[in-house]
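Lettering follows sequence order; numbering is per chain, from 1.
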Amino acid sequence: MADKVRVVLPDGSKREYSSGITISEIIRESNPSLSKEAVAALLDGRMADLSEKVTEDSEIKIVSFDSKEGKGVFWHSTSHLMAQAVLDVFPGVKLDIGPSIDEGFYYDFDTPRPFEPEDLNKIEKRMEEIVKENLPFVRKEVSKKEAVEFFQQRGEKFKVARLSEMEEDRVFLYQHGNFVDLCRGPHVPSTGVIKSFKLLSIAGAYWKGSEKNPMLQRIYGISFPSPKELDEYLKRLEELKKRDHRVLGKELELFSISDDVGPGLILWHPKGAQIRRIIEDFWITEHQKNGYQLIYTPHIARLHLWETSGHTGFYRENMYSTMQVEDEEYQIKPMNCPFHIQIYKSKLRSYRELPLRLAELGACYRFERSGVLHGLMRVRGFTMDDAHIFCKPEQLEEEVIRLLKFSIWMLKTLGFENLQIFLSTRPDKFIGEEQNWEKATSALRQALEKQSLKFEVDEGGGAFYGPKIDIKIIDVMGRPWQCTTIQFDFNIPERFDLWFVGADGNYHRPIMIHRALLGSLERFFGVLIEHYGGAFPLWLSPVQVRVMPITDEQNSYSADILQRLQDEGFRAVMDDRNEKINFKIREAEKEKIPYMFIVGKKEVQDQSVSVRKHKGGDLGKFVLDELIRKLKEEVKNKSTE
RNA sequence: GCCGAUGUAGCUCAAUGGUAGAGCAACUGAUUUGUAAUCAGUAGGUUGAAGGUUCAAUUCCUUUCAUCGGCUCCA
């Protein structure tokens, strides 16, 4: 081992240190301000503890809370901190694992009795004490055998079970105080770094996520380097609560779910239905412009159809039971594709007809387990904005390019600028020819690359019947939602024995693409509500203008304005109740109506309108004609401002 | 489906083993009002449902339905 090591520092400069110096010493010496930020380090690109010794020439980068990795380290360390507190407060509890997640961390425990909400306070109190003790996290390398013995002795059967599945011979233990956990690390230097945390919820979670395994108790939490950041995070949670589509759906009278009707079944109230209708009209018009033909298909079909499609096999658990009609079994549809295929099959198809694009807003019913239902986001009855494209293999790529363009344009028009694209490739279990998979997957990839779209590859994430592209939209709160899905299907054309006559006069198998752009109208509406926080842009808003006379002397003038607005095609209403203008404004603001037209004596006198914009305050007086022109422009542009 | 929590007026919430109360909303009346709540009055409940314990249950117990947070799954 050399006496001296040459180290490339985070700022790119090089320095010499005596061998065995720790990373944190180097950082503290070379850049004290960085040392405060650092939660861990990258040592030659490998995640390392700050306490790790440097014994070779190497490059050091710091990992701070600002980065994804840094957050992971910080949260993971907090989960250890919490686990210690849990063991201190509830002796006899057994440990499973406690990773960091996208937002925060959790730890799974095996407990004699479930945790109660008050337990979280007790655990938090103990955590605070441990933070004050500022215990260092110490890393120790041991053989797997030693680790097994150690945890066996402590009765940590889940740890032992997980260890026995690991392939490595050498494993790492992390200790702070009397708490020892099996862990790859790295960790923050000491418990004192974790200044600010909150335990958020308790949940049951199956061991290793499988229903066959026993259920453990999971505690979720979040932590930050400063109380201020925690505060901001909790405020964000509040904001999310306010935007919750279930809350807004009720407040704004958009939709409801009735016990008497059944869980997961949506009642669209007039205002929600109005928005849906606008989206549907938009969708229909644009599909027609884009070479789709609209169709309608029934809600039920003979069970036989679903046997042919294969759904009774691989999709059975999501299907409702059949109903008996004149000694025939009928099935309510979980998908639209078999119907669309019947339309394809209704006559002999020529290559000249391809690509054939059949589109339908089709209502589907799927059985979802009671525990997974969630407002509009996860329901049992929903409307897919579905289409099936039948094409020749050589048309694939162009078709996918068209699809991507169409989908992205539509999502952006609806207000979603940020998208995430995923390409899912062949899973282990698949049907169809391997070379077809190759062709199709490369068509998808090429289509993405030709438009220089950024995408992630989900290896093996495709359906068993074909590869796919998924597009997720990122809403205004930064959350991803799955919408568009473009899936190839090698299965169904075979099963239904689909053909077209080629230019060569021979029969050929068409390729089929399933696709949905918005996903389902229900889920998309849910996302839309949360994205806009219920304050829809003018073109979507169920009520666009509310005309509000100040006293009943202006009622007739207001009625004229209302009539004019309605004649011009606006969704306008009048509030001529015997109330103060402040009160009317307050209600209109709460209902998030985009424009309030206020008319009093002055406006009647000079035949004008005072305009107030939702959240925008008083815009001043306008001539009605000019105003109508402006608003029409705003609707036409589908402006999201 | 599983684990836990919750379920009281349209909404948000309170209360006690002795037959439920507030604010907002609704309705009625007064008020004629200038950019986020005018005042007064009236009405509103088989306390999610069913069963049990008890002299007495909204409260305790059992079952059930639904919702919420998760697990699992997905448009």
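Residue contacts shown for A/Ser610 include a base, since a base heavy atom lies under 4.0 Å away. Base contact: A/Asp552 has a heavy atom under 4.0 Å from a base atom. Heavy atoms of A/Ile598 sit under 4.0 angstrom from at least one base atom.
The same atom, C1', is picked in B/U19 and in B/A66; the two are 27 Å apart, to the nearest Å. Across B/G45 and B/A49, the matching C1' atoms stand 16 Å from one another, rounded to whole Å. With both ends at atom C1', the span from B/A57 to B/U16 equals 11 Å, rounded to whole Å. The C1' atoms of B/A37 and B/A43 are separated by 22 Å, rounded to the nearest whole Å. Rounded to whole Å, the separation between the C1' atoms of B/U47 and B/A15 comes to 11 Å. Between B/G51 and B/C65, the distance separating the two C1' atoms is 15 Å to the nearest Å. Distance noted for atom P between B/U12 and B/G48: 14 Å (whole Å). One C1' atom belongs to B/U46, the other to B/A20, and the distance between them is 13 Å to the nearest Å.
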For nucleotides 69-75 of chain B, 5' to 3', base contacts (B), sugar-phosphate-only contacts (S) and non-contacts (-) with protein non-hydrogen atoms under 4.0 Å give BBBBBBB
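Listed by first residue number, the stems of RNA chain B with at least three Watson-Crick or G-U pairs below 3.5 Å are B:1-7 with B:65-71, B:10-13 with B:21-24, B:26-30 with B:38-42, B:48-52 with B:60-64.
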Show every donor-acceptor pair shorter than 3.5 Å between a side-chain atom in residues 415-429 of chain A and any protein atom, with sequence neighbours excluded, or say none if there are none.
residue	atom	partner	partner atom	Å
A/Thr425	OG1	A/Glu459	OE1	3.0
A/Thr425	OG1	A/Gly460	N	2.8
A/Arg426	NH1	A/Glu434	OE2	3.1

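Distance, A/Glu251 CD to B/C24 C1': 12 Å, rounded to whole Å. Spacing between atom CG of A/Asp618 and atom C1' of B/U35 amounts to 6 Å, rounded to whole angstrom units. As a whole-Å value, the separation of A/Asp575 CG from B/A37 P is 15 Å. Separating the CZ atom of A/Phe583 from the P atom of B/A26 is a distance of 7 Å, rounded to the nearest angstrom. Going from atom CZ of A/Arg577 over to atom P of B/A37 covers 14 Å, rounded to whole Å. Rounded to whole Å, atom P of B/A36 lies 15 Å from atom NZ of A/Lys584. The NZ atom of A/Lys615 sits 17 Å away from the C1' atom of B/U35 (whole-angstrom rounding). The nearest whole Å value for the distance from the CG atom in A/Asp260 to the C1' atom in B/U67 is 15 Å.
Between A/Gln482 and A/Thr485, the side chains place no donor N or O within less than 3.5 Å of an acceptor N or O (distance only, hydrogens not considered). For the residue pair A/Thr484 / A/Lys472, no side-chain donor-acceptor distance below 3.5 Å is found, with atom types taken as modelled. In this model, a donor atom of one side chain and an acceptor atom of the other lie less than 3.5 Å apart for A/Asp606 and A/Ser608.
Not one side-chain nitrogen or oxygen of A/Asn582 sits closer than 4.0 Å to the OP1 or OP2 atom of B/U35.
Checked options A/Lys241, A/Arg479, A/Lys242, A/Arg243; the residue passing with A/Glu530 is A/Arg479 (criterion: salt bridge (charged side-chain N to carboxylate O under 4.0 Å, His left out)). Of the residues listed (A/Lys615, A/Arg612, A/Lys613), the one engaging A/Glu589 in a salt bridge (charged side-chain N to carboxylate O under 4.0 Å, His left out) is A/Arg612, and it is the only one.
Separation of the A/Phe406 and A/His287 ring centroids falls under the 6.0 Å cut-off. A centroid separation of 6.0 Å or more is found between the aromatic rings of A/Phe490 and A/Tyr465.
Within the cation-pi definition used here (under 6.0 Å to the ring centroid, within 45° of the axis), A/Lys212 does not qualify as a partner of A/Tyr206.
Of the candidates B/C3, B/C11, B/A66, B/C11 carries the atom nearest the A/Lys250 side chain, counting heavy atoms from C-beta on.
Nearest-nucleotide mapping onto RNA chain B: of A/Ile585 and A/Ser370, the residue sitting toward the 5' end is A/Ser370.
Ring planes of A/Tyr320 and A/Phe367: perpendicular class, angle over 60° (limits at 30 and 60°).
Evaluation of atom-type donor-acceptor distances gives a pair under 3.5 Å for the side chain of A/Glu603 against the base of B/G34.
When atom types are taken as modelled, the side chain of A/Gln554 and the backbone of A/Thr551 share a donor-acceptor pair closer than 3.5 angstrom.
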